[in-house]
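Residues: numbered from 1 along the sequence shown.
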Amino acid sequence: MASPDDGTAGLTGRRVADESLLEDEKAMLGNDPGGMLRATASAGAQVRESAALAAEANLSVLADEGRPRAVVVAGIGTAGLTGNILATVAGPRCPVPVIGHRSAGVPGWVGAADVVIAVSASGRSPEALAAADAAARRGARLVAIGNPDSELQAMAERARSPFIPVPRRAPARASLWGLAVPVLLAARSLGLVNVNEADLAETAARLDADAERCRPGAESFVNPAKSLALDLAGSVPIVWGSSPLATVAARRFADTLAANARYPVMAGALGEAGRGRVGLLDGPFGGLAESSRDIFADPGDDEDLSTRLRLVVMRDGGLNPQDDADEPVAVEERRADAVQVLAERRGVRCDVVTAEGGSALERLASLVAVPDFASIYLALAHGLDPMAVPAINEMKELSAPTRDGL
């Protein structure tokens, strides 16, 4: 019997994914007692709700002092990802640097000419609180985003700074859109990003439509999230993005696969991968493993249990090839084509998720929605509760200050 200290208490699930677990809607929902599927399906509603909450906040004061020298988005985990979202949606033409900061405090150069956006789903993360405190002390303009009636709200009120109250959804990774939209709208008030009401409405509609396609009652052959989850089952996923925007989606997928399904994942930009990491396709989990596969064996045969790579390519052709960018869209597209050919030559299976939509925000949503659901279905196929992660709670307990250390 497991004891609380032996590292296995609270661990449940099965080593090998069971496809049949995704075809019984009632049982599936029973294995998701925290409602992670329901929370993920609320993404469109989060866009609308947080946009309305941001409209009620006094963001106009941000523009009173003119354009900042730089914007620092401070937060950790999902809150930290909002800084990457702002940078990619703003694009290469953004007139000031946008810097994501994922540790306590703010960079040493931050001062009165800058804006700090402190983001925390709970309103009490040490990183966001330390950033808000440092911004107030240094005279930087501050915007705080997080759970209402929290310590972060109190700090913003003391600094007489705007606070956008986003109702908490547990866990924080289910609050991506609720946190990201206020960050974008704060940046819009500063004149740094072009996100209009039509963009928000279309993004919310896209998320709603993808939630419908990925609903629990839809069978695997018509549910793109279940299909992607089953493709990844038993593999080591590598997720590469063809563009900066697609790379944000790739890293989001890696985060949700790790937290929800407990899968080890490598994620990053395809441009970086081409400088060395593409060699993984030749290695013992890539081409070498695939070359020894019995092509006549049943995919479910017990004797063929060696772990292999599974490549996921996030592709984004861009909105306008004439726009200034770090790299021409044509280069990104050729690179994505090349890596798919390389994978095919080595027998490494590859899934492609392609961006759709008329704005950068909607295109990002189209790359994030199905993978978000896929990470949950992969957890459920292993009999795991995608919301309850014992290791996260243990990590918090083990790293918390003890009475003797206070």
Side-chain angles (χ1 to χ4, degrees), residues 40 43 77-91 100 102 173 176-177 180 203 206-207 210 214 224-225 227-229 231-232 235-281 285-286 309-319 325-327 329 331-340 342-343 348-357 360-378:
T40 301
T78 300
L81 189 63
T82 63
N84 300 95
I85 291 174
L86 173 56
T88 54
V89 172
R102 295 175 180 245
R173 60 186 178 277
L176 175 66
W177 296 100
T203 298
R206 169 79 57 179
L207 292 167
D210 283 336
C214 299
S227 297
L228 179 56
D231 285 348
L232 294 176
S235 72
V236 176
I238 297 181
V239 191
W240 285 329
S242 69
S243 70
L245 184 144
T247 299
V248 172
R251 291 189 168 125
R252 164 67 176 181
F253 193 21
D255 289 344
T256 57
L257 280 172
N260 294 334
R262 286 65 140 175
Y263 264 55
V265 193
M266 175 176 287
L270 197 48
E272 295 171 351
R275 270 67 176 180
R277 291 186 179 182
V278 73
L280 290 166
L281 300 179
F285 298 97
L309 300 181
R310 183 81 189 205
L311 182 61
V312 180
V313 179
M314 303 279 195
R315 298 194 63 157
D316 172 33
L319 296 173
D326 294 336
E327 289 187 294
V329 170
V331 172
E332 295 174 349
E333 290 295 286
R334 288 199 301 270
R335 187 181 289 131
D337 288 337
V339 79
Q340 288 178 233
L342 283 173
V348 175
R349 279 65 181 293
C350 178
D351 290 279
V352 179
V353 183
T354 304
E356 299 177 355
L361 188 61
E362 185 183 358
R363 293 175 76 80
L364 179 64
S366 74
L367 291 174
V368 167
V370 171
D372 270 6
F373 278 101
S375 69
I376 298 170
Y377 286 126
L378 185 54

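Residues passing the side-chain contact (heavy atoms from CB on, under 4.5 Å) test with Ala87 are Val98, sequence neighbours excluded. Under the side-chain contact (heavy atoms from CB on, under 4.5 Å) criterion, Ala261 pairs with Tyr263, Leu378, Ala379, not counting sequence neighbours.
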### Task
Please step through side-chain contact (heavy atoms from CB on, under 4.5 Å) for the pair Thr40 and Thr256, ending with a clear verdict.
CA-CA 11 Å; Thr40 301; Thr256 57; over 6 Å; no

### Message
Before you tell me yes or no, could you show the steps for Thr247 and Glu272 under side-chain contact (heavy atoms from CB on, under 4.5 Å), namely the whole-Å CA-CA distance, both residues' side-chain angles and the distance that decides it to 0.1 Å?
### Response
CA-CA 11 Å; Thr247 299; Glu272 295 171 351; over 6 Å; no

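Side-chain contact check for Ile238 versus Arg277: every heavy-atom pair is 4.5 Å or farther apart. Side-chain contact between Val239 and Arg252: absent, with no pair of heavy atoms (C-beta onward) separated by less than 4.5 Å. Contact check for Trp240 versus Leu311: side-chain heavy atoms found under the 4.5 Å cut-off. Side-chain contact between Pro371 and Met314: present, with at least one pair of heavy atoms (C-beta onward) separated by less than 4.5 Å. With contacts defined as side-chain heavy-atom distances shorter than 4.5 Å, the pair Arg251/Asn84 does not qualify. Counting heavy atoms from C-beta on, the side chains of Glu362 and Leu207 never come closer than 4.5 Å. Using a 4.5 Å cut-off on side-chain heavy atoms (C-beta onward), Glu332 and Pro244 make contact. Using a 4.5 Å heavy-atom cutoff, the side chains of Phe253 and Val353 are not in contact.
Distance CG/Leu361 to CG/Leu86: 11.0 Å, rounded to 0.5 Å. Atom CG of Leu367 and atom OG1 of Thr354 lie 8.0 Å apart (nearest 0.5 Å). Note: Ser243 OG to Glu333 CD = 8.5 Å, rounded to the nearest 0.5 Å. The distance from atom CG of Leu364 to atom CH2 of Trp177, rounded to the nearest 0.5 Å, is 4.5 Å. Separating the CG atom in Asp255 from the CG atom in Leu176 is a distance of 10.0 Å, to the nearest 0.5 Å.
The nearest pair of heavy atoms linking Ala336 to Leu270 is CA-CD2, 3.5 Å. Scanning all heavy atoms of the two residues, the minimum distance from Ala246 to Asp316 falls at CB-CB, 4.1 Å. Between Val368 and Ala249 the shortest heavy-atom distance is CG2-CB, 4.0 Å. The two residues Asp210 and Ala365 make their nearest non-hydrogen contact at OD2-O, 4.4 Å. Residues Ser235 and Pro237 come closest through the heavy atom pair O-CD, 3.5 Å. Taking all atoms of both residues into account, the shortest heavy-atom contact from Ala267 to Ala250 is CB-O, 3.7 Å.
Put simply, the residue from Arg363, Arg206, Arg315 that forms a salt bridge (charged side-chain N to carboxylate O under 4.0 Å, His left out) with Glu356 is Arg206. For the side-chain contact (heavy atoms from CB on, under 4.5 Å) test with Arg310, the passing option among Val348, Asp351, Val236 is Asp351; the others fail.
The backbone N or O of Pro224 lies less than 3.5 Å from no partner atom in the side chain of Ser227, so there is not a single donor-acceptor pair. The main-chain N or O of Leu228 is never found under 3.5 Å from a side-chain atom of Tyr377 such that the two would form a donor-acceptor pair.
Remark: Asp372 does not engage Arg173 in a salt bridge, criterion side-chain N to carboxylate O under 4.0 Å.
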